[in-house]
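Just below is one structure, and these are the notes that go with it.
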Amino acid sequence: MLDNEEAIQAVVNEAGSLATEEALKQFDTQGEAIEIEGKQWRSKGQEQKFYQTPYGEIQCARHVYHHPRTRKNILPFGTIRAHHR
């Protein structure tokens, strides 16, 4: 019985990992400039990042943003207003 439970858990974890990766991709931008709290941030391009999930660690490429006057890098989540010129 233990072998069956472990096999089921492995399949559930794989499905959860794939679903979580797709969900993270939906929060990514297309690389356009974004505005956060009145500051313009520009994409440095996509980078592979690792995320810990309830299903195990996943790897996902997402746009990383920087502000020219800071040394900060961010990965935006949620709704962010894109800056269009």
Side-chain angles (χ1 to χ4, degrees):
M1 182 69 173
L2 182 59
D3 289 340
N4 288 336
E5 289 175 353
E6 289 173 347
I8 291 168
Q9 187 65 51
V11 170
V12 168
N13 285 344
E14 180 64 22
S17 293
L18 291 171
T20 302
E21 181 179 351
E22 289 304 313
L24 281 173
K25 288 178 183 178
Q26 290 179 7
F27 285 108
D28 198 11
T29 66
Q30 298 299 313
E32 68 274 8
I34 58 176
E35 181 179 337
I36 302 172
E37 296 178 359
K39 295 179 183 173
Q40 299 300 310
W41 294 75
R42 305 245 180 248
S43 175
K44 294 171 51 176
Q46 286 189 328
E47 293 182 15
Q48 289 289 331
K49 296 292 180 183
F50 292 90
Y51 299 90
Q52 295 297 323
T53 75
Y55 314 104
E57 185 177 75
I58 63 170
Q59 187 175 2
C60 182
R62 300 196 56 234
H63 282 93
V64 175
Y65 281 80
H66 73 282
H67 186 272
R69 294 189 181 151
T70 69
R71 294 183 180 202
K72 290 184 179 181
N73 290 328
I74 62 168
L75 285 126
F77 283 94
T79 305
I80 293 181
R81 196 172 64 174
H83 177 73
H84 299 284
R85 289 187 171 205

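As the structure is a computational prediction, the values presented were derived from the model and not from experiment.
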Point to revise | Residues that Lys49 engages under side chain to side chain donor-acceptor pair (under 3.5 Å), provided they are two or more places apart | key: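 Partners of Lys49 by the side chain to side chain donor-acceptor pair (under 3.5 Å) criterion, ordered by chain and then number, come out as Glu47.
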Exercise for review: State which residues pass side chain to side chain donor-acceptor pair (under 3.5 Å) with Gln59; sequence neighbours excluded, sorted by chain then number.
Suggested key: Gln48
Review point. Would you find a donor on one side and an acceptor on the other, under 3.5 Å apart, between the side chain of Thr53 and the backbone of Gly56?
Key: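 Side chain of Thr53 to backbone of Gly56: a pair is present.
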Going from [atom1] on [X] to [atom2] on [Y], what distance comes out if it is rounded to the nearest 0.5 angstrom?
{"X": "Leu75", "Y": "Gln46", "atom1": "CG", "atom2": "CD", "answer": "10.5 Å"}
{"X": "His66", "Y": "Lys72", "atom1": "NE2", "atom2": "NZ", "answer": "14.5 Å"}
{"X": "Lys39", "Y": "Thr70", "atom1": "NZ", "atom2": "OG1", "answer": "7.0 Å"}

Point to revise | Pairs satisfying salt bridge (Lys or Arg N to Asp or Glu O under 4.0 Å), at least one member in residues 57-66, at least two apart | key: none
Check your understanding: Among pairs that include at least one residue of residues 41-65, which meet ring-ring contact (aromatic ring centres under 6.0 Å, His included), considering only residues two or more places apart or in two chains?
Key ->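 Every ring-ring contact (aromatic ring centres under 6.0 Å, His included) pair that includes a residue of residues 41-65, provided the two are not neighbours, is Trp41-His67.
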Exercise for review: Please name all residues satisfying side-chain contact (heavy atoms from CB on, under 4.5 Å) with Glu5, sequence neighbours left out, ordered by chain then number.
Suggested key: Met1, Leu2
Check your understanding: Which atoms form the tightest heavy-atom contact between Ser43 and Gly31, and what is the distance?
Key ->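 That closest heavy-atom pairing would be CB-O, 3.5 Å.
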Atom pairs and distances, side-chain donor-acceptor, residues 7-25, under 3.5 Å, sequence neighbours left out:
| residue | atom | partner | partner atom | Å |
| --- | --- | --- | --- | --- |
| Gln9 | NE2 | Asn13 | OD1 | 3.0 |
| Asn13 | ND2 | Gln9 | O | 3.4 |
| Ser17 | OG | Asn13 | O | 2.9 |
| Thr20 | OG1 | Gly16 | O | 2.8 |
| Glu21 | OE2 | Lys25 | NZ | 3.4 |

